[in-house]
Every structure is written in structure tokens, then in C-alpha cells.
Amino acid sequence: MSEAEGQSRRLPTLVTYCQRVLSTYTDSISSLGDEAIRYDVIKPVLECCSADTLLRLEQSSPYLENDTSEIWQRLCWKTFPLLAEQYFQEGSEAPESWREQFFLLREAEAERLELAGSRLRSQRMEAEERKKEREVKITDRLPPPKRARGWGAPSQPKTLFQKTKNDATKFRSSMYSARVIPPKRQRTLHSSPSIKPAVPRPSEPTKNMVTVKTVTYKRPSIPPALLQSSGRPTTPLVLTPATPPNLAASPSFARSSKPSPIVQPPSTGEQRPIKPSINKKDPMASLFMPKHRTLSQLPGQAGNARIVPTR
Amino acid sequence: FQDAGAEKRDDWVKITSSDGYSFLVKRSVAAISGTLKNMLSEDSSFREAIANTCPISERAAVVEKVCEYMSFKAYYEGPGSKEVVDVNEFTERIPPEVALELLLAADYLEGVFDSCI
């Protein structure tokens, strides 16, 4: 049989063309016809068939089976490389029917795949479930409230930065609220004006003015005559005018008709005008204070004494 | 002209199909098929030769493709064409439905196809 070779100028034979076309559409071939076809004509087509098509064609044209052994063998090796390899190593006898062998191998392969498939499936489902737990869900229930700050230790124990921040915050808040939260001390020193807006003395008008309390004692300008007539020695009375003239005149004063002799200086001392005391804790006093104080100036610091210059 | 070989004549010959169709081709084209060539050879005393008619026991669709192929081949292997033919040029012209029959017919006809045309 002359078969045209694929030489450059030579056209493929019509047989060749037909074989090509048929090989492309093998699965559409229902049967090879009633007449027997020579094997070598149809062979290239059969070699391109799938196992199922080959089986089908053999069933419709059983004479093919005589020659298709080699095709089946090739199919075994091509389709199931691993399993065929296994088989070959176990016992190197060729099976009676490669066709049978093929279908046995196919079953084994199917089992293996099924096993792997189910494993994969379960893995995938587990992964999906895990994913579902993490995904955002739509609900109409409130999530549990977060812990308010300060209920527990901070997640990261105080880093330096955190500490600084805390200190700054505290400082700042203490500074601004200094007027509001009065420290409880500072009663002993009258001279230092307390910043607290303590309740002012009810009796006195709270004004900017410094109230000066003076106590005067009676001038010994009482006519000596009177006194003398009383028969008391008036000598000490002479001293009296010499007493510091810081006595505010207060005519309405009670006369100290008592004999206040030498005791006077002490009593005078007592009666020396007391320095103006800003006892009323009036907030206006803090006007004298600079707005921002350094740490050492904080009222909260122990031992601080400050004297406000008196008016 | 009877003296020149049948090869010299390039008259029309008829190819018929089993279902009554006829196809006219040039003798030179028909001679592509060795089988046909012999049948049409005037050296033979075949009935076909006398009548210049070759019946092919295939249906018309198949016969038509046979003629088509022969024309195709005659052209490309003739002196006129120097182009390289794409291998698949003719493949496209074969509908799958006739491929099987065409294969069988081609096998029969090509059985005697001369590859050294």
C-alpha cells in the first residue's frame, strides 16, 4: 500500500486526511460500519480513541479485538502511570488481557481518588467553619461591654512613655482643678493666703479689702485729775502716750479704766494690730497667684509656705 | 486523437455515485487515482474506458469529496503551483460525517494511487 510520505511538495493522501479528521472526532464515531476495515487503515484512529470509545467500537466491530491489545497496553501505561508501575514491579507477567487490566486499574484509581477527595472535603469544611467563626455576623444583640479603663491592670505595664503620659495627665488635671479641690492644710499660717474658697466669715463682707482689726486701748488722756482723784498713781500713765501711735483712733473704744500699769506692754503687745489675715478663703485671693505653677509651687506639696505681700 | 496516449487527452470524464449523481472532471484529474486511471485507460477494454465513465459505489457526498481531493492534488502537484501547501488545507474540507466513508473510499481508490505522480 502506498502511503504518501509527508514530503515537502507531496500532498498528504486522502487517507491521511481522513484519518486526521476521524482522530479528531473519535468520540462521535458510533461504529465503524458494517464492512470490515483493514486494521492498518483504522489503526491511527483507534490509537487516538479514549478507552471508552475503544470499548464501544470493539463491541460494534468485534474483529477489532484481535489487534487492539497493544492499544490497551498503551492506554494502561498512559492513564495510570503509578499504578501500572506498581503492578509491573510486583510481577512482570503481562496480563492476559490488557483490556481487563485497564479497567481494573481504573477502579483502583477511582477508589484512591474518592479517599483523597473525602479527606479534602472534610478539611475544607473544617476550614470554612473556622472562618465562619471569625467573620462579621449581623445580629441585633449588643456585644458585651468593654471594660472601663482602670478596672484592671493595663495590658502593658507602664512603659516609660506611658508613665510620662500618665504623669503629665495627672499634673495637668491637678493643675486645672486646683481651685476646685482644695488641699486640706494650711490653716496655721494666716499669712499665706489659702486658696480655698472656704466659706467666708459670715459676719464680714468679703471684699478685697484687708480688714484690719485693731484693738486700741484707752488713751490715758483721761484727765489725770480724775484718776488722781482716785488716788492711784498715774505715773505709768505717762508712759502711755509714748506707746506706739499705731493705735487707730477709735473713739468708741472702751476705756480700759482698769489700772493697766506695767502690764501694759504685754497687753499692748496683745493688742497690737494683727496683721491682716486673709482668713476668708476667697477664690479671688488666687489672683495673686501665677496661673501655672511649677511642681514645687503646688499647694499639695508639704512644707510650702508662702507669704503674700500685704496690702 | 487516438494515437496519443490516453494521458495526453484531457477531456472530461464522468464519475458517478451510487445514488445517481454524476461528476465531470478532467481526465488528468481523474488520473490522480490510480484506480480510476486504470479504469479509464483506453488501453484497457473496460467498459468504463469506452464510456469514459467511472462509477464509484459511494454516495454522492463522498464522491464529490473524492473529486475535490483529486482536483486539489492535481493543482498543487501540477507545474503551476510552487507554494507550500498547508498541511491542514484539505482537512477542513472534510466534514466529519463523511470522513469515515471517505476513508474507506480513499483506501479503495488510493490503493493504486501512485505516490509519484
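Owing to the predicted nature of the structure, the values given are computational and were not obtained by experimental measurement. By convention in this document, chain letters (A, B, ...) are assigned in the order of the sequence lines, proteins followed by strands, and residues within each chain are numbered from 1.
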Just jot down the ring pair (Phe, Tyr, Trp, His ring centres under 6.0 Å) partners of A/Phe103, sequence neighbours excluded, or say none.
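Residues passing ring pair (Phe, Tyr, Trp, His ring centres under 6.0 Å) with A/Phe103: A/Trp72.
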Would you indicate whether [X], at its atom [atom1], is surrounded by more than 12 heavy atoms from other residues, nucleotides or ligands within a distance under 6.0 Å?
X	atom1	result
A/Glu100	CD	no
A/Asp34	CG	no
B/Tyr21	OH	no
A/Gln123	CD	yes
A/Tyr63	OH	yes

Quick check: closest heavy atoms across [X] and [Y], and the distance to 0.1 Å?
X	Y	value
A/Pro12	B/Tyr69	O-OH, 2.6 Å
A/Cys18	B/Leu102	SG-CG, 3.5 Å
B/Leu100	A/Ser31	CD2-O, 3.4 Å

Could you tell me the separation between the CD atom of A/Glu35 and the CD atom of B/Glu101, rounded to the nearest 0.5 Å?
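Reported value, rounded in 0.5 Å steps: 10.0 Å.
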Let me confirm one number: the OH-CD distance from A/Tyr17 to B/Glu92, rounded to the nearest 0.5 Å.
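Between atom OH of A/Tyr17 and atom CD of B/Glu92 there are 9.5 Å.
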Are A/Leu14 and B/Phe90 side-chain neighbours, meaning at least one heavy-atom pair lies under 4.5 Å?
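Yes, side chains in contact.
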Could you check if a side-chain atom of B/Leu103 sits within less than 4.5 angstrom of a side-chain atom of A/Ile42, using non-hydrogen atoms only?
yes
